[in-house]
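Written out below as structure tokens is the structure these notes cover.
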Amino acid sequence: MNDKELAGRVAELADRAELTELVARFFGSIDDRQRDAGAHPFDEAWARAFFTEDAEFRYPVGTYTGHAAELMDLTMDNFGLTQHLAGIPAITVDGDRAAVRWSAVHHHVHPASTQEARGDRLGETFVSGGHYDAEAVRTPDGWRFRAVSLSVAWTTGKPPLVPPERREAMARLAAS
């Protein structure tokens, strides 16, 4: 392997490492917010750390463009504690774009208000598994997700109770 080939291989490995870290940091940030009372909110600084401004989201709860912080707030406020487990991502880098796919298991503990409303035992969970397909792009600040799609393959437990006002806010977000 000559110096040019070696430099290209090192650059490719660096991109793969950064993209793998992007997946890990994204999931970790979701769980940290739910677990730590003093943790960061899903705000614009949080969104800029993971997504382009015009990122597209295709989730089971709807399809959205932009509004990453608001979307995460509305979605994750349906749950108490969470634990998101990501598989090792499969990554294909093509210049300043990359396709990233990873399997995931999402553990969600229902908030006390949901458990009380349903008469469930404390600690009741909703668990899902599936995979993410994402497009990432290289930005001046590093790799960011441009599009993220979640395909859920299975669930167990009761889904969250979504208050009407949160449902309406999510519908408004999808329409904008």
Side-chain angles (χ1 to χ4, degrees), residues 8-36 39-110 125-160 170 173-174:
R9 183 68 176 140
V10 168
E12 178 188 352
L13 291 171
D15 285 339
R16 289 176 180 278
E18 189 175 336
L19 288 159
T20 299
E21 180 71 15
L22 183 64
V23 171
R25 286 186 307 105
F26 171 58
F27 269 9
S29 74
I30 295 169
D31 297 336
D32 289 348
R33 177 185 183 268
Q34 299 296 318
R35 186 175 34 253
D36 302 331
H40 64 85
F42 294 124
D43 58 15
E44 290 308 311
W46 173 87
R48 284 191 304 274
F50 298 103
F51 304 101
T52 62
E53 192 174 305
D54 61 345
E56 297 174 7
F57 303 91
R58 291 177 300 284
Y59 286 171
V61 295
T63 300
Y64 307 87
T65 300
H67 310 289
E70 190 175 357
L71 173 62
M72 289 304 294
D73 258 336
L74 289 169
T75 303
M76 297 313 298
D77 277 352
N78 292 313
F79 301 106
L81 297 176
T82 61
Q83 173 107 43
H84 292 76
L85 305 173
I88 298 170
I91 300 167
T92 303
V93 178
D94 184 11
D96 289 339
R97 295 192 176 283
V100 185
R101 181 184 178 114
W102 69 95
S103 295
V105 177
H106 318 93
H107 295 264
H108 306 94
V109 177
H110 289 297
T125 62
F126 176 66
V127 183
S128 64
H131 71 272
Y132 289 79
D133 285 300
E135 175 194 6
V137 294
R138 189 186 320 267
T139 73
D141 297 319
W143 288 97
R144 298 295 185 265
F145 293 122
R146 164 71 184 89
V148 179
S149 177
L150 168 59
S151 297
V152 174
W154 58 269
T155 64
T156 186
K158 298 175 185 173
M170 292 182 82
L173 206 64

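Because the structure is a prediction, the values reported are computed rather than measured.
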Restricting to ring pair (Phe, Tyr, Trp, His ring centres under 6.0 Å), what partner residues turn up for [X], sequence neighbours left out?
X      : value
His106 : His84, Tyr132
Phe50  : Phe26, Trp46
His131 : none

Is there side-chain contact between [X] and [Y], with at least one heavy-atom pair below 4.5 Å?
X      : Y      : result
Val105 : Gln83  : no
Leu22  : Val100 : no
Ile88  : Thr20  : no

Residues in side chain to side chain contact (heavy atoms under 4.5 Å, CB included) contact with [X], at least two apart in sequence or another chain:
X     : result
Asn78 : Pro160, Val162, Pro163, Arg166
Ala86 : Val23, Phe27, Trp102
Ala45 : Asp43, Arg48

How long is the gap from [atom1] on [X] to [atom2] on [Y], to the nearest 0.5 Å?
X     : Y      : atom1 : atom2 : answer
Leu71 : Phe42  : CG    : CZ    : 10.0 Å
Asp15 : Asp94  : CG    : CG    : 11.0 Å
Ile30 : Met76  : CD1   : CE    : 6.0 Å
Thr75 : Met170 : OG1   : CE    : 3.5 Å

How close do [X] and [Y] get, counting heavy atoms only, and between which atoms?
X      : Y      : value
His108 : Phe79  : CB-CD2, 3.2 Å
Ser128 : Thr155 : CB-CG2, 3.9 Å
Glu44  : Ala69  : OE2-CB, 3.9 Å

Residues two or more places apart in sequence or in another chain: which of them pass side-chain hydrogen bond (donor to acceptor under 3.5 Å, both in side chains) with Arg58?
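Applying side-chain hydrogen bond (donor to acceptor under 3.5 Å, both in side chains) to Arg58 gives none.
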
For Thr125, the side-chain hydrogen bond (donor to acceptor under 3.5 Å, both in side chains) test, sequence neighbours excluded, returns none

Evaluate side chain to side chain contact (heavy atoms under 4.5 Å, CB included) for His107 paired with Leu85, printing each intermediate quantity in order.
CA-CA 8 Å; His107 295 264; Leu85 305 173; 4.2 Å; yes

Expected list for residues 59-67: side-chain donor-acceptor pairs under 3.5 angstrom, two or more places apart:
from	atom 1	to	atom 2	distance (Å)
Tyr64	OH	Val61	O	3.2
His67	NE2	Ser176	OG	3.1

Who pairs with [X] by salt bridge (charged side-chain N to carboxylate O under 4.0 Å, His left out), at least two apart in sequence or on another chain?
X      : result
Arg25  : none
Arg146 : Asp54, Glu56
Glu135 : Arg97

Test item: Glu18 side-chain N/O and Trp143 main-chain N/O as donor-acceptor pair under 3.5 Å
yes

Taking everything shown except Glu53 itself, do over 12 heavy atoms lie less than 6.0 Å from its CD?
no

